[in-house]
Amino acid sequence: MTRTNLLRDAAFRNVYLSSSVSAFGSQVGYVALPLVAVLALHAGPGEVGLLSGLGTLAVLVAGLPAGAWVDRVRRLPVMIAADLARAALFASVPVLWWVGELTMGQLYAVAITAGICTLFFDVASQSLVPQLVGRERLTAANSLLVGTNAAMDISGRSFAGVLVGVVGAPSAIALDALSYLWSAAFLARLRSPGPPPAAPGERVARRIGDGLLFVFGHPILRAALLQGTMVNLGFPLYAVLLPVLLVSQLGHPEWVLGAYLSIGGLGTLAGSATAHLVGRRLGRGRAAWIVSLITTPAALVVPFVGDGAWTWIAAAGWFVLTYRTGLNNVLLVSFRQEVTPDAMLGRMTATTRLLLMGAVGAGGLLAGLIGEVWDVRTAMWAGAACMSLSWLPIFLSPLRQHH
């Protein structure tokens, strides 16, 4: 099934449009929110690391119950409610700044609450897509979704760097809020499919336990989860303190930060766009570890980011690493959805996100700690170590020969 045929499906098309417009706004917020902390509130490395970590660490509290709950309800209303809540949360940032009441505590509160909303949205979304397209079209659907989101990374982050320079970081956050309203409007056009069957009266704790046993007992899911956890721990160690290094310490203008990050979006776009070709050539499981192995040298280039040519040499390494991520996102997400029954999709997704996003949050906090105790580059070298070894879990599992 081609991507064009998928987009002729009205239900998938609306999910695709919702994802695209939300991703664009989110990338504006990804650049603008830490710049609000750095430029408007004069935050240091520890505060920026904490801001990055809080939103993702919210899954440690709500992750597993979210999966058990989503498996028993209609997924579409959950997604719409999460969009509306995020719109209100991010709209509060420019409003509070305009009236002179914005504080780091309020930014932390927005990050935590928005992180919980994103958790529910993503669990529901990844459970809904297999229902809409069927398992035989999952790789094509995920390639389209991941690739388009990567394109939004490029345009959103580049645009954010310019926008922050023109109107300021707090005002740029308003665009993020608006994007969630547009996303909700597209989703509201869908007819909600019914939920998978759930055992009546079954306790949440039992359902959570069943989900954990399924994920950790499945060799393919276990290997994919460990690989993703290592990558997600490594990336924040590279990226969280970039606003501090590039803007505060090296004195680059904000657009350089936006351009650097958008190069990562370009890498993710290239990886997701070629995932089906590389997977068909090498076998999907072999592609996941071989590409990770041969891109390892790029992990050792990124920490040299600095003045002059080194800024863009490191950005080239960043492109290679994000190419790997785009390819693996398509292949490994499709594997997870293919081997998971409908009635377990919410819990599988929530368990996966618990570790993957928890690793992102832990990486953000660790980046802040290392940046305060040592320096920014030491944090980046720690990220390089994680990324350099992240091919091993798939190589040591049955997934390496999976087609």
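Basis for what follows: all heavy atoms, side chains included, without hydrogens, waters or symmetry-related copies.
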Apply side-chain contact (heavy atoms from CB on, under 4.5 Å) to Thr340 and Leu221, showing your working. CA-CA 9 Å; Thr340 304; Leu221 294 178; 4.2 Å; yes

Using every non-hydrogen atom in the two residues, find where Ala379 and Leu237 come nearest and quote the distance to one decimal. O-CB, 3.3 Å

Work out which heavy atom in Gly317 is nearest to a heavy atom in Ala298; give both atom names and the distance. O-CB, 3.6 Å

Side chains of Asp176 and Val93: does their closest heavy-atom pair fall under 4.5 Å? no

Can you tell if the side chain of Ile80 reaches within under 4.5 Å of the side chain of Leu84, non-hydrogen atoms only? yes

In terms of heavy-atom contacts, Arg324 and Ser390 come closest through NH1-OG, 2.7 Å

If every non-hydrogen atom of Thr322 is compared with every non-hydrogen atom of Gly267, which pair is closest and at what distance? OG1-CA, 3.4 Å

Any donor-acceptor pair under 3.5 Å linking the side chain of Ser19 with the backbone of Tyr16? no

Can you check whether Ser179's main-chain N or O pairs, donor with acceptor, with Ser183's side chain at less than 3.5 Å? no

Rounded to the nearest 0.5 Å, what's the gap from CG on Leu321 to CE on Met387? Could you check? 4.5 Å

Using every non-hydrogen atom in the two residues, find where Ala367 and Pro236 come nearest and quote the distance to one decimal. CB-O, 3.9 Å

Pair Ile394, Leu332 - check side-chain contact (heavy atoms from CB on, under 4.5 Å), show working. CA-CA 10 Å; Ile394 295 177; Leu332 298 183; 4.1 Å; yes

Rounded distance [0.5 Å steps], OG1 in Thr229 versus CG in Leu355: 4.5 Å

Residue pair Leu225 / Leu356, side-chain heavy-atom distance below 4.5 Å: yes

4.5 Å side-chain heavy-atom contact, Phe186 and Arg13: no

Is the Tyr323 to Trp318 ring centre distance short of 6.0 Å? no

Would the distance check show the side chain of Thr103 and the main-chain N or O of Gln106 forming a donor-acceptor pair, the cut-off being under 3.5 Å? yes

Which pair of heavy atoms, one from Gln227 and one from Ser292, lies closest together, and at what distance? NE2-OG, 3.9 Å

Output for pair (Tyr180 OH, Cys117 SG), nearest 0.5 Å, gives 9.5 Å

Stepwise, does the side chain to side chain donor-acceptor pair (under 3.5 Å) test hold for Asn329 with Thr268? CA-CA 9 Å; Asn329 279 351; Thr268 305; over 6 Å; no

Separation between CG of Asp122 and CE of Met79, rounded to the nearest 0.5 Å: 8.5 Å

Could you please spell out the steps behind the side-chain contact (heavy atoms from CB on, under 4.5 Å) verdict for Val231 and Asn328? CA-CA 11 Å; Val231 169; Asn328 281 348; 5.9 Å; no

Nearest-0.5 Å distance, CE of residue Met104 to CG of residue Leu51: 5.0 Å

Would you please test Thr325 and Phe235 for side-chain contact (heavy atoms from CB on, under 4.5 Å) and show each step? CA-CA 10 Å; Thr325 299; Phe235 263 111; 3.1 Å; yes

Ile173 side chain reached by Trp97 side chain, heavy atoms, under 4.5 Å: no

Do the non-hydrogen side-chain atoms of Met380 and Ile370 ever get within less than 4.5 Å of each other? no

Contact check, side chains of Ile313 and Phe304, non-hydrogen atoms, under 4.5 Å: no

Would you check if Leu331 and Val278 make a side-chain contact, meaning some heavy-atom pair closer than 4.5 Å? no

Rounded to the nearest 0.5 angstrom, the CG-CZ distance for Asp83 and Phe120 is 14.5 Å

